[in-house]
Number of protein chains: 2
Amino acid sequence: MATIGMNVPIREAHQSLAERLFLTLRGEIVEGRIAAGSKISEPELARRFNASRGSLREALMRLESLGLLERRVNVGARVVELSERGLLELYEVREALEGMACRLAAEQRSDEDLVALRRMLAGHEQQEELQAGKAYFQPEGDFDFHFRIVQASKNDLLIDTLCNRLYYRVRMYRYQLGMASPRAQRAFREHSHIIEAIEAGDGELAELLMRRHIRASRQNIENKLR
Amino acid sequence: MATIGMNVPIREAHQSLAERLFLTLRGEIVEGRIAAGSKISEPELARRFNASRGSLREALMRLESLGLLERRVNVGARVVELSERGLLELYEVREALEGMACRLAAEQRSDEDLVALRRMLAGHEQQEELQAGKAYFQPEGDFDFHFRIVQASKNDLLIDTLCNRLYYRVRMYRYQLGMASPRAQRAFREHSHIIEAIEAGDGELAELLMRRHIRASRQNIENKLR
DNA sequence: TTAAGACAGATTGTTGACAATTTGAAGTGA
DNA sequence: TCACTTCAAATTGTCAACAATCTGTCTTAA
């Protein structure tokens, strides 16, 4: 819930009203409290938050550029619809980008990142044993893993594209279509192998394994939706 | 200059003032008329375009989400700096995304797209012969190629990410670092092979060739920068 | 001479009001 | 009954003024 590690923790203060509105609305859209496909009324939301329409509009535009809203001139904004096709498209892009992130992480192979990855995996293993193989592949643990791999790529454009854009859509689908997966142990082993490839500095293998991992996750979702 | 084929041609009218400002400023930043790294003064730009600061700010925010501007609270906006690192990051992301686009285009293989790709390539070949092997790999021709492949992927998220976000940064680097490449004939042959793989429905090969193509282009730039 | 602090100018963030456009319903005619 | 037009209410786009914040300069004291 608290999106641990997802949002940059630096500078809680120093944020504008528009930014706070943006963060709040993003959370409500991701979690479905503002329903997918519903229309956004600027005056209504502005009243609700005791803000002016100007500040609210700034927040809405940032949500649009995140791909969570669609705005049309002189008509207004709507929350995006969730569709199977949209979900598959998202996973295809993730496969490409996270595969590349994984390759780059392996080629960089900074010591701090390796330590952090190992530590995280150990934490997940412990948690998994504790909770009887059901809890690991919950949103938080899985996001931790993918988030850290992407960070380790050291490619700012890649990091921004995934962590500040695509992942919010992923979370939106998970929350609203309920993607708690039964792939717990298998996903854990896959994560483990990916980290091994990164440690070995084998970028090609790391990319391959990550792409398979995401593809498997996508197929798992496809099966569930039918 | 006129970005033929790059911008969606539909609905020239029906655009707001903020959108026109956005398009104008985007062009000036891409072409370097507003220098990279320079500070943006809201009052000054607003006066220049006879617009209010509100409308201008909306345009600036859209430029920020495009990655062409960086804004800091209570400080203002600056045009992004061009750096070798930024360029390399851009090409790494392109390699991943356009590789995937190419794979998807090969798996889709719609008849219209194949015809259009063939026709475009023929046009480029003719143009190349006419102009003695120097003119092909100019921005327009090369963009045509990459643009159409991406469109043929039929993945709207991928299309949006590349065509509406990354390509403007690519163009900015090309304009301002002068990337008219001497890879004319070689690039043409690579384009040709990629299209053959797509026609054959060989997604794996198409992806591989596109990634090599972009990697070669990147290395070419790296060499030039030293 | 240098470093810390105060101040003025300018810039950005925010607001409420006005103008332009869309939407949906009521009304008219065939 | 259906299609088309008219019109009013609501919504969005745009603007200019006000408030909060930053930047650079000047002063002052160690």
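Throughout, protein chains are lettered first and strands after them, A, B, ... in sequence-line order, and every chain is numbered starting at 1. From a predicted model like this one, the values you see are computed outputs, not experimental measurements.
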Can a side chain N or O of [X] be found less than 4.0 Å away from OP1 or OP2 on [N]?
X       : N      : answer
B:Lys39 : D:dC22 : no
A:Arg53 : D:dC15 : no
B:Ser55 : D:dG13 : no

Checklist entry - Please give, in whole Å, the distance from C:dT23 C1' to A:Arg72 CZ? => result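 It works out to 12 Å between those atoms.
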Item to check | Rounded distance (Å) that lies between atom P of C:dT11 and atom CZ of B:Arg57 | outcome: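 My rounded result for the distance is 14 Å.
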I'd like to know if [X] pairs up with [Y] as an ion pair, taking the criterion as any Lys NZ or Arg NE/NH1/NH2 lying under 4.0 Å from an Asp or Glu carboxylate oxygen.
X        : Y       : answer
A:Arg57  : B:Glu58 : yes
B:Arg218 : B:Glu98 : no
B:Arg48  : B:Glu44 : no

[X] side-chain proximity, nearest of [options]:
X       : options                : answer
A:Arg71 : C:dT15, D:dG13, C:dG13 : D:dG13
A:Ser41 : D:dT11, D:dC15, D:dG13 : D:dT11
B:Val73 : D:dT14, C:dG13, D:dG13 : C:dG13
A:Ser52 : C:dT22, D:dC22, C:dT15 : C:dT15

